[in-house]
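Written out below as structure tokens is the structure these notes cover.
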Amino acid sequence: MTRPGATNVGTTWCFFVAALLVTAAPAWPLTGPAAPQDVRDPAGQVHVRVVDGTSGAPLADAIVQCGQAAPAITDLSGFATVPVCAAGLVVTRDGYAEARVAAPLPAQVDVRLVPQRRAAESVTVVGPAAGEAEAAVPGQVAITRDELAMLRSVTFDDPIRTLQQLPGVASSDELRAELSVRSSPFRQVGLVLDEVKSRLLVHTVRGVDNTGSVALLNADLLDAASLTPGAGPQRFGNTVGAELAIRTRAGRPDWHGRGMVSAIAATGVVEGPIGSDRVTFVAGARKSYASWIVRRIDPDVSGTFEFADAQAKLDARLSTRQSLSAGFLAGTSAYDEQGRRTGANALDVGKNQTTMGTLAWQAQVGSQWVVRQRVAGISSTYRNVNPDGLPLDSGSEHEWLSRSIVEWAPRASLSLDGAAQVQRFASRGSSVVYHPTTRLPESDIAHAGEQTLAGGHVHARWSPHRAMTIAGGVRADHVPDLETFVGGWAQAQVALSSSLGVTAAVSRHGQSPDVLQRFGPAGTVDLAFERATLVDGGLGWRRGPWTVALNLYNRQEEDGLDTPDRQFRLTPAGTLAGGNPRAPWVNALTGRARGAEIVLRRQPATTASGVRWSGWIGYGYGRLTYESALDPSFPGAFEQRHLVTISATTQIGASWDASTTLRLATNWPYEGWYEERSDGRIYLSAERNALRLPDYGRLDVRVRYRITLPRGRLLLFAEALNATNAANYRQVSAGVNPRTYLVGRLSEKQLPIIPAVGAAYEW
């Protein structure tokens with residue numbers, strides 16, 4: 001049994017180094033608006049309020065020009081004051097289409113700026129898109145395509161792993177494209193791609209734990225992402241935790257491309273018009289061969305994960321008021337133990353294939369209404385084999401979705417959106433168990449099931465005063481033969497001054513059991529919805545390039561799903577119990593999560609030496625305590641009580657940029673009933689999740705250099721993951737001695753230092 005120490009010198013050292021580097025990182029909206037200054041200005045002036053035409057959120061740093069007078073810049077609450085003139089107003093901001101207001105001008109003017117991605121379609125959308133901040137949502141994080149590009153890793157090139165670097169996001173398993181937000185497991189974090197929520201959007205091994213995964217998404221095709229960590233609107237529903245929404249981008253109207261090759265991966269993307277600029281496309285492909293370098297750096301790595309995928313999107317403007325888009329996504333992945341395990345029931349190779357197609361139509365009706373319709377289909381097949389090449393687990397999963405949306409915005413201070421959605425799930429498969437000596441099949445358990453989830457929401461937003469926004473809504477979800485869940489939310493945002501604002505929200509969430517939890521090998525047909533009540537509050541402050549955001553949260557969970565008899569444990573009487581690999585799912589848990597998050601950020605700014613710096617330091621404290629009939633009180637399996645995230649970006653001129661990210665955490669508990677005794681070895685225990693993994697620490701560093709060429713540019717890059725070679729561990733399945741209760745190897749070392757170099761050509 002190998003048990004690492006609780007702390008290592010590398011973790012402490014890399015914390016010190018990264019703390020010296022911090023001044024940097026991509027910017028995002030922080031909790032709490034800033035209020036406008038007093039607008040009771042002398043006569044002869046116009047007060048202008050600028051908001052996002054999609055979300056209604058105030059827009060800072062917009063340029064307001066009235067005739068030949070000096071332009072004004074909007075503050076954090078979206079307000080600016082300009083002298084009255086006869087020429088009318090011109091309002092501009094990066095990323096938005098220009099807006100004009102003709103004279104004569106009233107004393108106060110509301111201006112809605114339309115994001116550039118929709119300006120060409122002349123369609124204004126009310127509901128916020130992924131990557132765009134929404135008013136009155138505490139702690140919401142929005143990140144743009146440029147910010148994703150600065151944070152992305154050359155080694156994995158995985159958007160979800162990129163988002164693991166955000167403050168408050170926990171992930172200590174380096175081989176999985178998963179994230180935990182406020183101690184919730186990844187299955188309770190809703191992943192939404194272009195308004196399609198699905199758990200199949202990852203390369204992974206189905207039916208097996210402790211392997212690996214990579215997001216089935218190409219970072220080159222993504223436009224933006226937004227993370228709502230707690231209370232807020234439930235437009236997609238069926239999630240008791242956070243929601244991660246990702247949006248793909250449209251292709252450019254002229255031809256562009258990018259190709260990248262490194263020692264561990266190759267990617268390519270091409271985009272341009274089809275016939276005319278009314279129809280554009282973007283397509284990309286990825287191929288990973290990271291196992292080649294990982295096994296040469298650390299031959300003791302137990303398994304490696306490789307994948308290949310392709311993604312494409314086509315956008316067509318049918319008219320000035322209608323548009324059509326189609327998306328396609330397909331990929332295959334394989335986890336390979338390379339013969340390291342020889343047992344008849346040991347996984348040797350696990351393969352997975354996934355395909356997704358979407359079709360969306362959008363139209364503007366009049367000047368205030370927008371309607372949208374989206375349909376999607378997802379299919380995934382998997383097959384796991386043992387060292388004899390015989391099947392262990394095999395099957396398929398399918399999803400179909402239809403979603404209809406209506407949005408109404410009669411004026412800048414008022415909007416309403418609603419949607420109705422039907423999603424169908426189907427799963428079919430089998431699991432084979434072999435005799436350990438004869439290696440012949442002992443049992444073959446097949447499963448099959450289908451489930452339909454129908455739901456909808458209505459959401460309204462109103463700004464009765466320029467320093468205040470109020471919002472709320474209701475949602476219902478229904479699963480036939482199960483139940484109907486009804487939830488809702490209420491939000492408020494108030495600006496106290498030009499630099500200080502508060503935000504608060506409360507919401508009621510529900511998540512249905514998925515088709516495998518009901519009809520899989522360990523399924524229970526009559527499960528109930530998991531439920532949660534979330535309360536969030538935030539305070540935001542800004543001065544110059546500096547911002548501070550403080551968020552407090554509380555989450556009460558009911559009817560949480562659990563499989564308590566799956567793992568071995570000791571009873572209070574000291575006898576052995578559990579150990580059923582197909583222990584049924586039950587609604588057994590009641591929990592409470594509470595905590596605080598604080599982020600200090602320096603916005604991008606250029607120093608006197610010409611160096612552009614930006615950065616953040618994020619600290620989160622959180623606790624999640626569960627109760628059940630079996631265990632009176634225990635910490636959640638994904639509880640990280642202390643989490644520090646530091647990220648830095650430095651750009652020198654147009655050629656060089658460098659970035660670094662540091663994550664430190666007290667780490668998760670070992671999931672199960674374990675304890676460490678005086679002899680230094682691990683034994684079964686009667687106390688659940690009481691033993692924790694060693695403290696986690698990792699420093700990543702990357703550098704890029706750009707060379708301008710006559711027909712494009714060349715990018716040279718180098719990076720080092722886990723640059724200090726810190727020893728980080730993750731939990732793996734362990735054997736148990738039924739006589740002594742001694743536990744076998746419970747953890748394994750994760751990634752060593754991984755250097756990577758390569759080049760990319762863009763045209």
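Both backbone and side-chain heavy atoms feed into the values below; hydrogens, waters and symmetry mates do not.
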Exercise. Of the non-hydrogen atoms in S427 and L516, which two are nearest, and what is the gap between them?
Worked result: OG-CD2, 3.2 Å
Problem set entry | Spatial distance of atom OG1 (T358) from atom CG (L193) [nearest 0.5 Å] | 7.5 Å
Exercise. Quick one: which of L561, V479, T524, D559 gives a side chain to side chain contact (heavy atoms under 4.5 Å, CB included) with P513?
Worked result: L561
For this session: Check the side chains of S184 and R555 for a donor-acceptor pair under 3.5 angstrom, ignoring hydrogens and angles.
Result: yes
Exercise. Do R542 and T547 have side-chain atoms, one donor and one acceptor, less than 3.5 Å apart?
Worked result: no
Exercise. Does any non-hydrogen side-chain atom of I470 lie less than 4.5 Å from one of P464?
Worked result: yes
For this session: Decide, yes or no, whether a salt bridge links D514 with R187 under the criterion of side-chain N to carboxylate O below 4.0 Å.
Result: no
Exercise. Looking only at atom types and distance, does a side-chain atom of R403 sit under 3.5 Å from a main-chain N or O of F236, one as donor and one as acceptor?
Worked result: no
Exercise. Checking side chain to side chain contact (heavy atoms under 4.5 Å, CB included) for the pair L191/I246: CA distance, chi angles, key distance, verdict?
Worked result: CA-CA 8 Å; L191 178 59; I246 300 174; 4.0 Å; yes
Problem set entry | Electrostatic pair D536-R182, nearest N-O below 4.0 angstrom | yes
Exercise. Donor-acceptor pair, N689 side chain versus P635 backbone, under 3.5 Å?
Worked result: yes
Exercise. What heavy-atom pair brings R461 and T469 nearest, and what distance separates the two atoms?
Worked result: CG-CG2, 3.8 Å
Exercise. Among all residues two or more places apart in sequence or in another chain, which pass the ring pair (Phe, Tyr, Trp, His ring centres under 6.0 Å) test with F638?
Worked result: W668
Exercise. Are K197 and E243 close enough, and set up right, to give a salt bridge (charged side-chain N to carboxylate O under 4.0 Å, His left out), and what steps lead you there?
Worked result: CA-CA 10 Å; K197 174 177 284 188; E243 186 174 85; 3.4 Å; yes
Exercise. Should D477 and Q234 be marked as a side chain to side chain contact (heavy atoms under 4.5 Å, CB included) after you check the CA-CA gap, both sets of side-chain angles, and the distance that decides it?
Worked result: CA-CA 11 Å; D477 288 299; Q234 286 285 289; over 6 Å; no
Problem set entry | Backbone N/O of R235 and side chain of R475: donor-acceptor pair under 3.5 Å | yes
Exercise. About how many Å separate CH2 of W541 and OG of S497, when rounded to the nearest 0.5 Å?
Worked result: 10.5 Å
Exercise. In terms of side-chain heavy atoms, does E597 have a donor or acceptor partner in Y553 at a distance below 3.5 Å?
Worked result: no
Problem set entry | Partners passing side-chain contact (heavy atoms from CB on, under 4.5 Å) against E178 (at least two apart in sequence or in another chain) | R176, F186, S213
Exercise. Any idea how H457 and W489 line up, ring-wise: parallel (<30°), tilted (30 to 60°), or perpendicular (>60°)?
Worked result: tilted
Problem set entry | Side-chain donor/acceptor of Q640 to backbone N/O of A665, under 3.5 Å | no
Exercise. Do the side-chain N and O atoms of E530 and Q188 include a donor-acceptor pair separated by under 3.5 angstrom?
Worked result: yes
Problem set entry | T452 versus R424, side-chain donor and acceptor atoms under 3.5 Å | yes
Seminar exercise, completed: OG of S512 to CG of L453, rounded to nearest 0.5 Å, is 5.0 Å
For this session: Measure the shortest side-chain to side-chain distance between V196 and I378 over non-hydrogen atoms and say whether it is less than 4.5 angstrom.
Result: yes
Exercise. Which pair of heavy atoms, one from P138 and one from A231, lies closest together, and at what distance?
Worked result: CD-O, 4.0 Å
For this session: Flag the pair E397 / L200 as yes when at least one side-chain heavy-atom distance between them is below 4.5 Å, and no otherwise.
Result: yes
Exercise. Testing T228, T503, N551 for side chain to side chain donor-acceptor pair (under 3.5 Å) with Q140, which one passes?
Worked result: T228
Problem set entry | Intermediate values then yes/no, side chain to side chain contact (heavy atoms under 4.5 Å, CB included), V240 and L534 | CA-CA 9 Å; V240 295; L534 295 81; over 6 Å; no
Exercise. Rounded to the nearest 0.5 Å, what separation is found between the OG1 atom of T533 and the CZ atom of R508?
Worked result: 3.5 Å
Exercise. Hey, is E195 close enough to R372 for a salt bridge, meaning N to O under 4.0 Å?
Worked result: yes
Exercise. Is there a side-chain contact between R663 and Q164, using heavy atoms and a 4.5 Å cut-off?
Worked result: yes
Problem set entry | Modelled atom types, side-chain donor and acceptor of S402 and Q373, under 3.5 Å | yes
For this session: Would you mind reporting whether T248 and L222 have side-chain heavy atoms less than 4.5 Å apart?
Result: yes
Exercise. Is there a donor-acceptor pair closer than 3.5 Å between any side-chain N or O of H509 and the backbone N or O of A532?
Worked result: no
Exercise. How far does CD of Q362 sit from CD of E407, to the nearest 0.5 angstrom?
Worked result: 7.5 Å
For this session: State which residues pass side-chain contact (heavy atoms from CB on, under 4.5 Å) with R623; sequence neighbours excluded, sorted by chain then number.
Result: R594, Y621, E639, R641
Exercise. How long is the gap from CZ on R688 to CG on L630, to the nearest 0.5 Å?
Worked result: 7.0 Å
Exercise. Do side-chain atoms of D223 reach the backbone of R249 as a donor and acceptor pair under 3.5 angstrom?
Worked result: no
Exercise. Do D562 and Y626 touch side chain to side chain, with heavy atoms closer than 4.5 Å?
Worked result: no
For this session: Using a 4.5 Å cut-off on heavy atoms from C-beta on, say whether the side chain of L163 contacts that of V169.
Result: no
For this session: Look only at the side chain of T666 and the backbone of H642, and say whether a donor-acceptor pair between them is shorter than 3.5 Å.
Result: yes
For this session: Determine whether N238 and Q423 make a side-chain contact, defined as any pair of heavy atoms from C-beta on separated by less than 4.5 Å.
Result: no
Exercise. Are any side-chain N or O atoms of Q364 and backbone N or O atoms of G366, one a donor and one an acceptor, separated by less than 3.5 Å?
Worked result: yes
Exercise. Among side-chain atoms of S463 and S413, is any donor-acceptor pair under 3.5 angstrom?
Worked result: no
